Every structure is written in structure tokens, then in C-alpha cells.
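Written out below as C-alpha cells is the structure these notes cover.
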Amino acid sequence: MSSSDMPKAYNPKDFEDRIYKYWMDNGCFKPKEEGKDPFVIVIPPPNVTGVLHMGHGLNNILQDVLIRYHRMNGRPALWVPGTDHAGIATQNIVEKKLRAKGIERHELGREKFVEETWKVKEEHHAIIKKQLQKIGSSCDWSRERFTLDEGCSKAVREVFVGLYERGLVYKGNYLVNWCPSCGTALADDEVEHQEIDGKMYHYYYPFEDGSGKIEIATTRPETMLGDTAVAVNPEDERYSGLIGRKVRLPLTDRIIPIIGDSYVSMEFGTGAVKITPAHDPNDWDIGNRHNLEKINILNDNATLNDNVPEKYRGLRVKDARKAVIEDLKAEGLYIKDVEHSHQVGHCYRCNTVVEPYLSKQWFVSMKGMAEKALNAWEKEELIFYPRKWENTYKHWMNTIRDWCISRQLWWGHRIPVWYCDDCGEMIVAREAPEVCTKCGSSSLTQDNDVLDTWFSSWLWPFSTLGWPGKTDDLKRFFPTSTLVTGYDIIFFWVSRMIMASLEFMEEVPFKDIYITGLVRDKQGRKMSKSLGNGLDPLEIVDEYGADALKFTMTFLSAQGQDILIDTESFKLGSKFANKVWNASRYIMMNVEGRNIIPFEKIELKEIDKWILHRLNESIKSAESAIEVYRFNDFAQAGYEFFWNDFCDWYIEASKISLYSSDEKEKDRAISMLVYVLEQALKFLHPYLSFITEEIYQKLPQTEGSLITAEYPKSCGQNNYPETDESFTLLQDLIRGIRTLRSEFTIPPEKKIPVTVFMESSFKAEKFFISHKSLIAQLVNTDNLVLTTEKPSIDGSVASAGTGFEAYVFIRDVIDIEKEVAKLRKEQQKMAQMIKQTEGKLKNGKFLSNAPDDVIEKEKSKLAEFTERAEKVSFYINELG
RNA sequence: GGGCGAUUAGCUCAGUUGGGAGAGCGCCUGCCUUACAAGCAGGAUGUCGGGGGUUCAAGUCCCUCAUCGCCCACCA
């Protein structure tokens with residue numbers, strides 16, 4: 001092994017692609033054949049519409065961290081990749097593309113259009129897959145799925161028909177949310193409400209008998225053409241006696257009744273409401289209660305249809321509104337309009353204003369399934385991280401409404417329902433029927449509509465494993481372990497997966513649900529195309545490498561917290577990877593020509609025990625962090641160990657041995673370094689995947705790949721608390737002396753005498769003495785005295801630790817004023833601490849209520865502060 | 001209108017059962033010390049949003065106010 005194997009500069013481009021290929025070629029991403037208790041994640045399938053943004057990046061990085069951690073811990077680890085056909089979103093993109101070429105989808109025809117869409121799908125799929133691979137996602141590509149592939153389609157038909165057979169799928173004529181631009185119905189959740197500054201229009205409806213008129217107020221005057229009643233609150237004294245009378249609907253020749261309904265608020269508007277059952281959800285309910293006629297006045301593109309007087313036909317809603325207002329004015333019925341801001345529904349895909357629209361649609365009855373899902377949560381079969389999202393889940397399940405699943409689109413799973421052209425029979429079937437089950441006619445037409453995208457994704461955790469087939473994968477890997485996703489799709493997706501799974505698999509699809517934060521820019525704004533503040537994961541990989549991306553995102557993933565980043569943020573990970581690279585290079589350089597001793601045969605010195613103890617403690621904290629999805633703590637444990645303990649202390653200390661002439665000691669020291677590095681690489685692998693693999697394979701005495709190596713576990717064996725305690729004191733000593741040197745600006749190369757006085761009770765006396773040369777090296781002195789005799793402090797400045805004091809002789813360079821000022825500051829601090837501690841100890845209540853160990857601690861603190869205060873006063877006198 | 005969350009160093013944020021305030025970046029000082037200047041050593045900086053309460057003890061628990069954010073909701 002030669003150091004030339006490691007280039008001087010860390011350059012991730014040199015090896016990341018090669019390493020990923022190595023993993024692929026060696027089947028490293030497949031779950032191992034043997035072994036129980038598999039760890040399974042199915043990817044939240046990205047939409048094939050787009051490319052991955054940083055939100056996806058975060059999501060997949062965290063999944064990868066989990067998968068890699070559990071894979072190394074010996075569990076068969078499976079991460080199923082896949083993509084979503086994303087019905088409306090994809091169809092919109094393809095339509096836009098065609099429109100740019102001057103082609104409308106209807107000109108093309110359904111078949112050709114779908115063909116075109118598959119092409120677009122393939123293009124985007126290739127990009128997405130490449131992106132996931134670039135960031136190192138260790139998914140099992142041999143099991144990749146797509147929501148529209150044959151297996152998923154089979155699952156979809158099975159579920160549709162299954163629910164139909166259970167009476168949970170039904171077709172009905174209902175008021176749905178209609179997107180005139182997409183030309184399809186939307187589910188309630190797909191409507192986004194936005195605050196719009198609109199107007200409230202006031203005008204009169206005259207009584208039929210000409211005896212007067214009633215003032216109504218509305219935000220949507222054009223819908224009056226579909227009015228079938230005027231409603232007032234029966235309690236409203238202003239209108240008492242009017243209920244049951246009739247008004248003439250202006251601009252039309254219709255006569256409609258005045259009805260009483262407690263829904264109408266007496267405080268709002270005029271207290272009289274026009275009722276349009278076919279175009280407003282509330283009016284719909286009122287219409288049902290009062291058995292009113294429902295007049296649909298719109299076409300599916302939001303123009304007015306033939307149910308309105310001829311002059312309004314074909315007008316768009318906006319224009320119809322103007323026309324209606326003009327005509328009301330002309331008839332002298334118009335009163336006024338007032339500013340009024342209110343919530344208006346918009347399509348979540350194209351942002352068009354959504355119209356309540358009467359049409360025939362397919363629905364899933366949700367209440368029963370929601371109850372089961374709620375029940376599973378109450379029994380703690382599901383846990384959200386962080387738990388606060390359980391409120392959201394609960395609330396949604398409690399207020400759930402039936403799910404409109406039909407979409408008037410071409411891209412998606414076609415509804416498995418056929419109609420007989422001859423007798424009109426409706427046939428709901430898993431496979432296309434040959435002939436009508438009623439009349440035997442072979443002239444059948446399939447329902448034109450497709451299913452909501454989520455109707456395939458809600459089956460994802462089991463359809464991807466082969467359901468409805470009884471596959472080995474399904475048996476072995478279902479239910480899955482953890483779902484990692486964003487909070488924006490708890491309703492759309494998470495909740496529905498739980499319901500589908502309980503319904504068809506009779507158990508929850510996953511136990512843990514980790515909800516990631518949202519990725520935002522440094523100003524806290526959502527990343528969006530229009531703001532141009534989005535970050536492309538691939539650009540980050542290009543600039544800093546995938547490991548920098550992965551580490552940074554993991555390190556910043558505090559549970560329940562959004563992540564604010566810009567390009568600069570990734571320097572954090574980049575620097576860390578660089579540090580790992582260089583520390584490894586240092587070790588590799590010193591491996592050359594040395595005899596590497598197996599760890600079991602290395603004779604451990606105190607400092608070796610110390611680093612083993614630190615490693616052990618760090619692993620322990622990493623273990624407990626990942627257990628509860630505290631990714632930031634998980635990453636921080638590795639970061640601090642590697643940088644602060646291993647590099648800053650252990651490697652620095654190793655230089656004494658490695659640069660000595662003691663060949664045996666050199667062998668011993670490098671063997672320890674290699675061993676600890678190997679453990680550290682394993683430790684860091686979940687988030688520094690490429691670089692650790694690259695280095696691991698260059699280490700002496702390693703075989704195979706790191707990705708499938710065994711993760712280090714915390715254990716009792718590497719537990720050396722006394723050594724750790726002593727070493728901490730030694731660090732205090734060295735830092736104290738360095739601080740003095742720095743404060744008095746003693747040039748680094750200048751060696752000055754140091755005397756360390758250790759009190760008789762000092763616990764680490766032996767430890768200090770045995771590490772004398774190390775101390776001397778790290779504080780740069782050639783005259784170090786360790787003594788238990790009180791030394792003279794003449795010409796020195798001092799640094800105090802617990803049980804010892806270090807005197808740095810600096811007569812030649814001392815700045816008395818500076819030193820005195822510093823001591824005064826410390827004197828004040830000590831006085832304050834003493835006051836605080838004494839206060840507690842004089843407090844009878846404290847003494848009687850606080851636990852003994854706390855009281856003891858306070859006492860020893862007081863002693864410590866008092867002693868220090870005395871010393872400080874003494875120094876001030878001496879110097880001043 | 002209902003619900004949830006946030007407010008800690010200049011910035012972004014940790015702080016897990018209440019027990020002597022932390023990290024990264026930035027800033028200041030000194031160093032190109034034979035792994036790393038993407039580095040090393042050292043340093044400064046906080047009435048933990050305001051007010052009240054519980055407690056021997058509050059960044060941590062309770063109440064209240066303020067500011068910001070998110071989600072849900074049919075007031076025409």
C-alpha cells in the first residue's frame with residue numbers, strides 16, 4: 001500500500017461515480033438472503049413529471065442514512081425505489097408541450113396522447129433515477145416500480161373492484177370541485193384556498209306579486225341564473241312572514257320560493273341568501289334539505305351552458321358576471337357592491353379557480369376505513385416523529401369525507417368499469433369482460449375516466465412488493481419499517497396508505513413515520529421556481545460532492561424543524577469530508593513499510609484506551625439518536641468524534657510515536673491509528689458514504705466493501721471512564737497553558753518553562769506523570785516540571801484546573817496590567833458564583849428538598865469556587 | 001373562526017425526565033508546526049421575546065401578552 005494511492009486533494013469526482021458502480025456491480029443494495037427482522041423502506045415515489053429538488057434530496061438522503069445504518073447492523077435492508085405517474089401534473093406538462101407545437105390533446109386522440117406521455121415519462125424517469133444514484137441512494141434497483149406498471153395496475157383494479165364489492169366504491173351525481181383548465185374533478189384536498197380581494201354585490205329580487213322586493217348579497221352574481229330559492233333564517237324578524245312567498249328571478253322567467261333555513265346567518269350580508277344548489281356546496285346541502293331543483297348552468301370549461309337565457313350562453317364566468325351586473329342595473333334592481341375579501345378555491349396543480357360543478361363521479365366511502373386507521377394509531381401501532389403530526393392525522397381522520405376518485409383525464413389507471421352499448425348494463429371487473437354479463441352483447445365501452453393518482457399510490461407499500469400476488473417479498477418485507485416523507489402529503493398519501501393497508505393487508509403499512517422539515521432558503525422562504533431560489537441537488541454534488549450534500553442535510557435535520565440553506569451551507573459537509581480525507585491520508589502515509597498488528601494483539605496505552613472510550617461513547621449517542629430519528633444528533637456524534645477527539649487529540653498525540661525512532665512503538669501506534677480509522681469510517685458511512693468506502697478499500701487488512709461491513713456497536717469492553725476523566729484533566733491543562741501562551745502572545749516556536757503543581761488529593765497525578773512528554777510536546781516546552789511541592793510563582797502566570805495549577809514562566813514577556821485585568825474579571829465571576837452557591841446552601845428549603853447528590857455537588861462547587869477566589873486574590877496581590 | 005409551532009450569541013439553529021447556557025458559520029488575535037490554510041491554536045459575544053406564577057432551583061413546567069409562521073374551516 002502506498003500513499004500515492006491517495007491524492008493530496010480531496011476530490012469527490014475522482015471516485016463517487018466509480019464507487020456507486022462498484023456497489024451496483026456487486027449487488028450491495030440487495031437485501032441479504034438470510035436473516036430475520038428486515039429493515040424496509042419504500043420510497044415516496046417522486047412524480048415523473050419533474051426532476052428532483054432539494055426536498056427530494058433531503059428525503060432520500062435520510063432514507064439512505066437509515067437503510068445504510070440498518071444494513072450495516074446486520075438486518076436484511078431493502079429500499080424499494082419507484083416513481084409516480086402523477087396524473088394531472090404529468091398530463092398538464094404534456095399538454096403544454098403539445099400546445100407549444102400548436103397541438104391540442106383532443107386533436108391527437110387518447111391513444112396517441114397517452115403514447116406521447118409515456119415518452120415524457122421515460123425521459124423524466126431517466127433523469128430522476130440518475131439523480132437518485134448521484135446522491136448515493138442505495139436502493140435495490142432490481143425491484144424498481146412505477147405506479148402505472150403492470151403489477152401496480154393489477155393492484156389498483158383489485159382494490160377498486162374489491163371496494164366496490166364491499167359497497168365502499170359508488171358512483172354518484174354530486175357537486176365536485178371542478179378545474180375548468182384541467183377539465184377534471186378534483187378531490188377536496190386538491191383544492192387550495194387562497195384569500196382573494198373580491199366584492200360583495202347587493203341587489204333585489206322582486207316578489208312575484210309585485211308587492212315589494214328582497215335584498216340579497218352575493219360574491220358570485222352570475223350564478224343567480226341557476227338559483228332555485230332564496231333562503232332566510234327562520235328566526236330572523238326582518239323576514240318573518242316571507243317564508244313561503246315567491247320571488248321572480250331577474251333576467252330569467254323563473255319563479256323561486258323563499259325558504260327558511262337555520263344555516264343562514266342573520267349577521268352576515270343582508271340575511272337573505274340566493275340558493276344555487278348546483279354551484280355551491282352549502283347551497284347543495286340546503287337544496288337537499290328543501291328538495292330544490294339543481295340547475296347546472298356551466299359547461300365543463302366554465303362557460304355558461306344552455307340552461308341560461310340565450311344571451312349569456314357561451315360566456316365565461318367572468319364575462320357573465322359583468323353582463324349580469326349590467327343587466328341588473330338596467331332593470332333597476334342593482335344596489336351596490338362593497339369590498340370583500342374571501343377564500344376562493346384554486347386547483348393545486350394549475351392554480352385555476354375551481355368551480356363547484358355538478359357531475360357524475362366515482363367515490364370511495366371513507367368513514368369506516370378512517371375509523372380503523374384511527375384505531376390503529378390509538379393502539380400505538382403507528383408512531384409519528386415528531387409526535388405533533390399525530391394531531392393532524394387524528395383531525396383529518398375525524399373529519400374525513402368521501403373521496404372523489406374519478407378524473408376526467410387520459411393519463412392514469414382507467415376505471416375498470418364497462419358499459420354495455422346495447423342494454424346499458426354496468427360491469428365492474430378486474431379484467432376486461434368479453435361480453436355483457438346481462439345481455440351477452442360484445443359491444444362494451446370502458447368508462448372514459450381514470451382514477452386519481454393517489455388511488456395507486458395509496459397501495460404503494462404492498463403493491464410494490466407484489467400484492468395482490470402472494471409473493472415471497474410480500475411475506476418477507478411487509479409490513480415495512482419506516483416511512484420518510486414531508487408533512488404536505490400526510491393527508492393525500494400517508495393517511496390513505498394506512499387505510500388501504502388496514503383494509504387489504506389487515507395491518508399497518510409501517511410502524512414509524514418520520515416527517516421531514518421543509519427545505520427553505522436562508523430567508524425562510526419556500527423554494528420555488530417563481531422565486532428562483534431553488535437548489536438543485538446535482539449542482540451541489542457537482543460543486544461539493546455527494547458526501548458533502550448528504551452530511552450537511554443530515555446534520556441540519558433537527559426533528560420538526562425546517563431546513564434553511566443556500567449553496568454556502570454545504571461547505572460544512574465539504575470541510576468535514578476534506579478533514580476525513582486528510583486524516584486518512586496522514587495515516588496511509590505512515591502505513592508504508594510498517595508492520596500492522598491486528599487490534600487484538602495491540603498493547604493498549606492510556607491514550608489508546610481514551611480514544612476507544614470516546615469512540616464507544618460517540619457510538620452510544622449515535623445509536624440512541626437514530627433510534628428516535630434524531631438525525632442531527634446522529635451526524636453530530638460522528639462529526640465531533642472524528643474531528644475533536646480523533647484528529648485534534650489522538651492523531652496529534654500519535655505524532656510523538658510516529659516521528660520517534662522506536663520502531664516497535666511506530667508499529668504499535670500506526671496499528672492503532674489504522675484500527676480506529678477503520679471503525680470511524682464505518683461509523684461515518686451512513687452519511688459520508690462514498691469517501692468512507694473509497695478509503696476503507698485502501699486500508700490494510702480490509703476486505704470487501706464497507707457498505708456491507710459490520711457497524712461498530714457500543715460495548716462494555718471499550719469502557720474506560722477513569723482514563724477518560726484523567727484525559728479530560730490533561731486536556732484542561734494543555735488548553736490552559738495554550739491559552740496563557742496565546743494571551744501573552746508568546747511565539748509558537750518559543751519554548752518556555754512550565755511547572756505543574758498537583759495537589760496531594762489530585763487524582764490524575766500518575767496519569768500526568770506518565771504523559772509528561774505528551775504534555776511537553778503539545779504545549780511546546782523543553783522544561784516541564786510536574787511536582788507536588790508548592791512551587792515559586794515568581795515571574796509566572798498561572799492557569800488553574802481541578803486539583804492542579806500550571807505556571808508558565810513568562811517574566812520576559814509578561815504584561816502585568818493585562819494579567820491583572822484578567823484576574824479581576826475572574827475574581828468577579830468567582831464572587832458571583834460563590835454568592836449563588838452559598839445562597840442555595842443557606843436555604844433551608846433547598847437543603848430539605850433537593851436530593852443529596854445535588855446538595856453534595858453544590859458543596860463541592862462552593863469549595864472549588866472559594867479556593868479559586870482565594871488564589872486569584874493572591875495572584876492579584878502578587879502581581880499588582 | 002379553530003388548531004399547531006416558533007421566539008436562545010451577528011446569522012442558522014441544538015439544548016431528550018427542571019439542577020453551573022452550546023454547535024456550525026461569521027468576527028477578532030497569532031500561526032504556511034513534515035495530514036489538512038477547506039487547516040491549527042486561542043479569544044469575544046447571550047436581561048434564553050415581555051410580564052406573571054409553580055419550585056429550594058425555570059431556557060426547560062403553568063398562565064398571559066407580543067411578534068412571526070404553518071395547517072384546517074362553507075359564512076353567501
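Proteins get letters first, then strands, A, B, ... in listed order; numbering begins at 1 in each. Computed from a predicted model, the values in this text were never measured in an experiment.
Contacts of A/D283 with the nucleic acid, taken as non-hydrogen atoms under 4.0 Å apart, are absent. Looking at heavy-atom distances under 4.0 Å, A/S574 makes contact with a base. Residue contacts for A/I651: at a heavy-atom cut-off of 4.0 Å it reaches a base atom on one of the strands shown. Residue A/S265 is in base contact, counting any heavy-atom pair closer than 4.0 Å across all strands shown. Using a 4.0 Å heavy-atom cutoff across all strands shown, A/G839 reaches no nucleic acid atom at all.
When ring centroids are compared, A/F551 and A/Y687 come within the 6.0 Å threshold.
Taking atom CD of residue A/Q561 and atom C1' of nucleotide B/rG24, one finds them 15 Å apart after rounding to whole Å. Note: CG (A/D852) to C1' (B/rG19) measures 14 Å, nearest angstrom. Distance A/K840 NZ to B/rA57 C1': 6 Å, rounded to the nearest Å. The distance from atom CZ of A/F555 to atom C1' of B/rU12 is 11 Å, rounded to the nearest whole Å. Atom CG in A/L572 sits about 9 Å away from atom P in B/rG24, given to the nearest Å. Spacing between atom CG of A/N644 and atom C1' of B/rG39 amounts to 14 Å, rounded to whole angstrom units. Rounded to whole angstrom, the span from the CZ atom of A/F268 across to the P atom of B/rA76 amounts to 5 Å. We find that NZ of A/K388 is positioned 15 Å from C1' of B/rC72, with the value rounded to whole Å.
For A/S584 and B/rA35, the shortest distance from a side-chain N or O to OP1 or OP2 is not below 4.0 Å. Regarding contacts with the backbone of B/rC40, a side-chain N or O of A/K579 is found under 4.0 angstrom from either OP1 or OP2. Contact between the side-chain N/O atoms of A/W643 and the OP1/OP2 oxygens of B/rA35 is not found at any separation under 4.0 Å. Contact annotation: A/H340 side-chain N/O to B/rA76 OP1/OP2 distance is under 4.0 Å. Checking the phosphate oxygens (OP1, OP2) of B/rA35, a side-chain nitrogen or oxygen of A/Y659 falls inside 4.0 Å. For B/rC56, the OP1/OP2 oxygens have a side-chain nitrogen or oxygen of A/N849 closer than 4.0 Å. For A/R741, no side-chain nitrogen or oxygen approaches OP1 or OP2 of B/rU29 to under 4.0 Å. OP1 or OP2 of B/rC36 sits under 4.0 Å from a side-chain N or O of A/K8. In terms of phosphate contacts, A/K857 brings no side-chain nitrogen or oxygen within less than 4.0 Å of OP1 or OP2 of B/rG19.
In this structure, A/T219 contributes its side chain and A/M200 its backbone to no donor-acceptor pair below 3.5 Å.
Rounded to the nearest Å, the gap between the C1' atom of B/rG2 and that of B/rU8 is 30 Å. B/rA6 and B/rU60 are spaced 15 Å apart, taking the C1' atom of each and rounding to whole Å. Look at the C1' atom in both B/rC11 and B/rG53: the space between them is 34 Å, to the nearest Å.
Remark: the A/K655 side chain and the B/rA35 base include a donor-acceptor N/O pair separated by less than 3.5 Å.
Residue A/P356 comes nearest to A/H279 through the heavy atom pair O-ND1, 3.2 Å, listed as atom of the first residue, atom of the second, then distance.
Looking at which nucleotide of RNA chain B each of A/Y10 and A/A272 is closest to, the 5′-most match is held by A/Y10. Remark on RNA chain B: of its neighbouring residues A/M200 and A/N578, the 5'-side contact belongs to A/N578, judged by nearest-heavy-atom nucleotide.
Within the 4.5 Å cutoff, the side chain of A/D542 has heavy atoms near those of the A/K13 side chain. When side chains are defined from C-beta on, A/I563 does not count as touching A/R520, because their heavy atoms never get closer than 4.5 Å. The side-chain heavy atoms of A/I611 and A/F641, taken from C-beta on, include a pair separated by under 4.5 Å.
The partner of B/rG59 is absent, by the rule that a Watson-Crick or G-U pair needs both atom distances under 3.5 Å.
For the pair A/K655 and A/Y586, the cation-pi test (distance below 6.0 Å, angle within 45°) is passed.
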